Amino acid sequence: MIDFESAPSGMARTTKKAVGDGSYLRGLNDRQREAVLATEGPLIVLAGAGSGKTKMLTSRICHLIEAQGVPAHRILAMTFTNKAAGEMRERVARMLAESARQGGGGYLGNPELGTFHSVCVRLLRRELGRTPFTKPFVIYDDSDQLSLIKRVQERLSIDDKAFSPKGIQAAINRAKCDAISPEEMESAPHDIFGRQVKRVYDQYQKDLVVNNALDFGEIICMTYRLLRDCEDVRETYQDRFRYIHVDEYQDTNRAQYLLLSMLAKKQFGGHENICVVGDEDQSIYKWRGADIRNILDFESDYPGAQVVKLEQNYRSTKTIIAAAGHVIKNNLTRKDKTLWTENEDGLPIVHAQLPDERAEAELVVSEIKRQGSHEGRGYGDFAIFYRTNAQSRQFEDVLRREKIPYQVVGGLRFYDRKEIKDILSYLKVILNPTDSVNLRRIINVPARAIGKTTIEKLDEVMMASQGPITFWEILERAALDPSMTSAGTARKIGAFVQLIRKITEEQPKLLLSELYHLILDETGYVRELRKEGTEEAEARIENLEELDTIFQEFEEDQFNQLSEEERKAQPEERKRALLPAFIEQSSLVSDLDSMEGQASSVKMMTLHSSKGLEFPVVFLVGMEEGLFPSVRAWEEASEEDIEEERRLCYVGMTRARERLFLSNVVVRRIWGNVNYQEPSRFFVEIPGRFLEMRDFAPQVFGGASASTQRSFSSIPAPKTGGWSPARPATPAATGAGNDVIGRRIHHPEYGEGSIVLAEGSADDRKVTVEFAGKQRRKFLFRYVASYLS
DNA sequence: TTTAGCTCAATTTTT
DNA sequence: TTGAGCTAAA
């Protein structure tokens, strides 16, 4: 997604001087500094939650560039999310700019910094000639992949009842996580499912090439194989990436591990200047192929590796850190590592037990309201974490009723919405007509009377043809040959082919937003939606308007990145390049990337989405056996599975800065059934002295209605002194009305800035601060009041 | 070809 | 309970 917050504003810089004296070694603790300075040879940094890992990584990169004189482009840093990559890029740029102002600097280029996938895509594009592709490829997401698998199954006459396409997809992706190709796939003699998977996988791979497409797993695998099989390519990149950094190493899968080996290991000619950073206690993606052994075995993989542990936490209260520590201690497959903090003790963790999920939502929301009005918090201070997306419903209902702004993170991604995918399919087809998955998607959207029968006929022709032929070529032929279908159908197909040709022709001359409107006009997409007149259709139209904004933002963004001369020269080239650039970006983003923006709203998300984030107040809800830890009813939970759930619990708890609320309910309706739930075993793992129990559940057997009256604070909190609000209300924060525009800010993270915009009032007052590099950030004024200089 | 009703399945989802 | 995806009728 486009990062609106950090888009260059194009305005003149207003700040003069940034953070302190600019040395990137200042402000680091001993362990962090040790990791920064250990630049040669393998290094593993075990970075506990909130221990300043990103700070360490960015300082290290700057140190390499400035102190060691390593050319920036020789440094590689890989993350898992765009968000993490963006944050690092931003911080590195800021540090370097700062140091240049201090008289240092003179560095060249930028470090290669991005997600595993984006780095690999760039590499593959550069080495396109060494791949099976003859022209730039598109990227298939999971649903595109599933469509293709269904197609393959159909063609191979593999029954989709006996072998569910989803199951086959999962098996193929599991193989890709392990970098296993169809040929390398072994199937036991009696493993009939495995044999079918192998058949589908094999054909699927061939189809990918015909379609000029890659799936997520293949991006990594293909890069790995390219490096493995082409010595010259391997040498090029080993030489280029002299210093390798990997973030969230605990989440790497086998394929990523192998890829890194190719680049770094001595055995393959590498230099072993590899620095991996991770926390085995936060490995929560085993089910997606992450292999925790990668981090546990690093020291034996890279003999002589230095080990640095970052154990000081700067985020949470002592209570939260201690409680989380007691939980994670129960895991056996982990390294010896104990988080500690110099922060305040803080208040006890509240454990509330409630009659049902409705009461749970009411309680959480009433606590949010109470803290909002009595403790001076803004809505953006609160986060609700749950194990499954389905749990968000209850909370949304209550929040909506109470008119409290909220934002659900995750769930259905913006780019996964039907209408958005449809439009993007048009764009992808324009770029790459060989892409049959997207072509099939749009051929009858909006409805243009080219239905299933027609498609089946075309498929038959396609199968009967000698040699590979793309679906697009079949369409072109069918448009001219009425005998393939019928005269009427041939005309309809002809109209569609003309439509695509026309848009394709116009594309190079148009801006993205213009192209988008051309597509809407020519297809009548919005007209069709309006005809429906339903609420759902309205929502879709709104999403399409949002897409229009995204296109415009993207254009501006691209434009701002150009130099003066580039802007004048070759406007045509620029327009032509917009579409491929956009498609690439949109294929590799998630919703989380755009989460900032709505500062003053309660955030709701799954525990998985919460990784890497932090909030002053966290509610971890639905802590019940079976739900969290999650256990499939028909399977016995293995100790390994429970350990992963426990890590998830640890991740959730350590997101909280000041206050943590845990809750469980006694009766929960799941899929329409009433379930009697046991409290999660994780409660037992937290020593009683950190917990404050508030049990509202017995009510359920008498009168449940009383439950809505309850609140977390209806039982007075015990007096365990030591806690004081982390952000005391300063005079500036409470005294509304004074003009703050132009006031200078010294932010501990972003450095020097000045307030350029103010909106809202009292506790909800928000200010926009512009930092070095024209970087703008929006804060609640209360947040930054204490940073005023 | 479209659409209304039925069946079936159902965690988590960085890219 | 919800929704997605598919068969049977219009």
Side-chain angles (χ1 to χ4, degrees), chain A residues 1 78-85 114-121 139-143 145-147 150 160-161 164-167 170 173 176-177 214-220 247-248 250-253 255-256 282-290 357 385-391 393-394 409-413 415-416 418 444 446-455 488-489 492 536 584-593 595 605-613 622 626-635 637 641 644-645 647-648 651-652 668-675:
Chain A
M1 170 94 48
M78 291 202 274
T79 65
F80 276 84
T81 66
N82 293 299
K83 194 162 180 255
T115 63
F116 267 93
H117 294 268
S118 68
V119 168
C120 288
V121 164
I139 296 162
Y140 280 174
D141 66 16
D142 290 349
S143 67
Q145 183 185 39
L146 189 60
S147 317
K150 282 181 182 163
D160 63 355
K161 291 269 166 26
S164 83
K166 275 197 177 144
N173 284 335
K176 291 195 175 200
C177 283
L214 276 173
D215 59 47
F216 290 134
E218 200 57 33
I219 291 174
I220 308 293
D247 192 17
E248 308 278 17
Q250 77 280 355
D251 289 334
T252 49
N253 60 31
Q256 287 157 335
Q282 294 187 65
S283 165
I284 54 175
Y285 285 103
K286 177 180 158 225
W287 51 278
R288 284 205 89 193
E357 62 262 47
F385 299 159
Y386 33 75
R387 180 63 237 266
T388 68
N389 280 124
Q391 288 167 261
R393 255 298 245 299
Q394 301 288 337
V409 178
L412 189 58
R413 283 170 54 219
Y415 285 105
D416 282 341
K418 186 188 175 301
N444 201 28
R448 46 175 78 87
I450 304 175
K452 212 167 64 184
T453 341
T454 309
I455 303 294
T489 309
K492 286 170 199 149
E536 200 195 323
E584 175 139 338
Q585 193 174 144
S586 69
S587 300
L588 296 172
V589 296
S590 78
D591 246 19
L592 211 59
D593 300 326
M595 198 192 72
M605 65 192 82
T606 62
L607 283 157
H608 284 90
S609 311
S610 77
K611 198 171 87 173
L613 305 174
L627 182 60
F628 186 40
S630 164
V631 179
R632 288 167 115 101
W634 56 92
E635 269 172 43
D641 293 336
E644 176 122 336
E645 296 287 311
R647 290 192 289 268
L648 202 48
V651 166
R668 183 177 293 275
R669 269 164 297 266
I670 300 174
W671 305 334
N673 301 323
V674 172
N675 290 54

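Throughout, protein chains are lettered first and strands after them, A, B, ... in sequence-line order, and every chain is numbered starting at 1. Bear in mind that the values here come from a model prediction, so they are computed numbers and not experimental data.
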Discussion item. Closer than 3.5 angstrom, by distance alone: can the side chain of A:D160 be matched with the main-chain N or O of A:S164 as a donor-acceptor pair?
Written reply: no
Check your understanding: Should A:N389 be listed as having a side-chain N or O under 4.0 Å from OP1 or OP2 of B:dT12?
Key -> yes
Ranking B:dT15, B:dT13, B:dT1 by distance to the side chain of A:T81, first place goes to B:dT15
Is there aromatic stacking of A:W287 on B:dT12 here, judged by a ring-centre distance under 5.5 Å and a plane angle under 30°? yes
note: A:I139, atom CD1; B:dT15, atom C1'; distance rounded to Å ~ 9 Å
A:N173 atom CG is separated from B:dT15 atom P, nearest whole Å, by 16 Å
| task | Kindly indicate whether the side chain of A:R393 and the base of C:dT2 share any N or O donor-acceptor pair separated by less than 3.5 Å? | result | no
When rounded to whole Å, the CD to P distance for the pair A:Q391 and B:dA10 reads 18 Å
| message | What's A:T454 touching, base or sugar-phosphate or nothing? Going by heavy atoms closer than 4.0 Å. | response | sugar-phosphate
Side-chain N,O (A:T489) to OP1/OP2 (B:dT1) below 4.0 Å: no
Taken to the nearest whole Å, CG/A:L146 to P/B:dT13 is 18 Å
Margin query: Looking at the base of B:dT13, is there any donor atom on it, or on the side chain of A:R288, that sits under 3.5 Å from an acceptor on the other one?
Written below: yes
Contacts of A:L648 and A:T453 projected onto DNA chain B by closest heavy atom; the upstream (5') one is A:T453
Counting distance only, does the side-chain N/O of A:E357 pair as donor-acceptor with the main-chain N or O of A:R669 below 3.5 Å? yes
Taken to the nearest whole Å, CG/A:D141 to P/B:dT13 is 16 Å
Report task. Under 4.0 Å between any heavy atoms, over every strand shown, what does A:F116 touch: base, sugar-phosphate, or nothing? Just pick one. Result -> nothing
Rounded to whole Å, CD of A:E357 lies from P of C:dT1 at a distance of 13 Å
Q) So A:Q250 and A:Q282, side-chain contact (heavy atoms from CB on, under 4.5 Å) or not? Walk me through it. A) CA-CA 7 Å; A:Q250 77 280 355; A:Q282 294 187 65; 4.3 Å; yes
note: A:E584, atom CD; B:dT15, atom P; distance rounded to Å ~ 14 Å
Side-chain atoms of A:Y285 come closest, of B:dT2, B:dT12, B:dT14, to B:dT14
Report which part of the nucleic acid A:Q256 touches: base, sugar-phosphate, or nothing (heavy-atom distance under 4.0 Å, all strands). nothing
Below 4.0 angstrom from OP1 or OP2 of B:dT13, is there any side-chain N or O of A:T606?
yes
Regarding the side chain of A:W671, the nearest nucleotide among C:dC6, B:dA10, B:dT15 is B:dA10
Checking A:L648, A:D251, A:T81 against A:K611 for side chain to side chain contact (heavy atoms under 4.5 Å, CB included), the one that qualifies is A:D251
Parallel, tilted or perpendicular, as decided by the 30° and 60° cut-offs, for the rings of A:Y285 and A:H608: tilted
When A:G451 and A:S630 are each assigned the nearest nucleotide of DNA chain B, the 5'-most assignment goes to A:G451
* Asked: Within the pair A:N673 and C:dT1, is there a side-chain N or O less than 4.0 Å away from OP1 or OP2?
  -> no
**Message:** Looking at A:R387 and A:L627, would you say the former's side chain and the latter's main chain have a donor-acceptor pair under 3.5 Å?
**Reply:** no
Between NZ of A:K166 and P of B:dT13 the distance, given in whole Å, is 15 Å
Picking from B:dT2, B:dT12, B:dT1, the nucleotide nearest the side-chain atoms of A:A447 would be B:dT2
Taking B:dT14, B:dT15, B:dT11 as options, the one with an atom nearest any side-chain atom of A:D251 is B:dT14
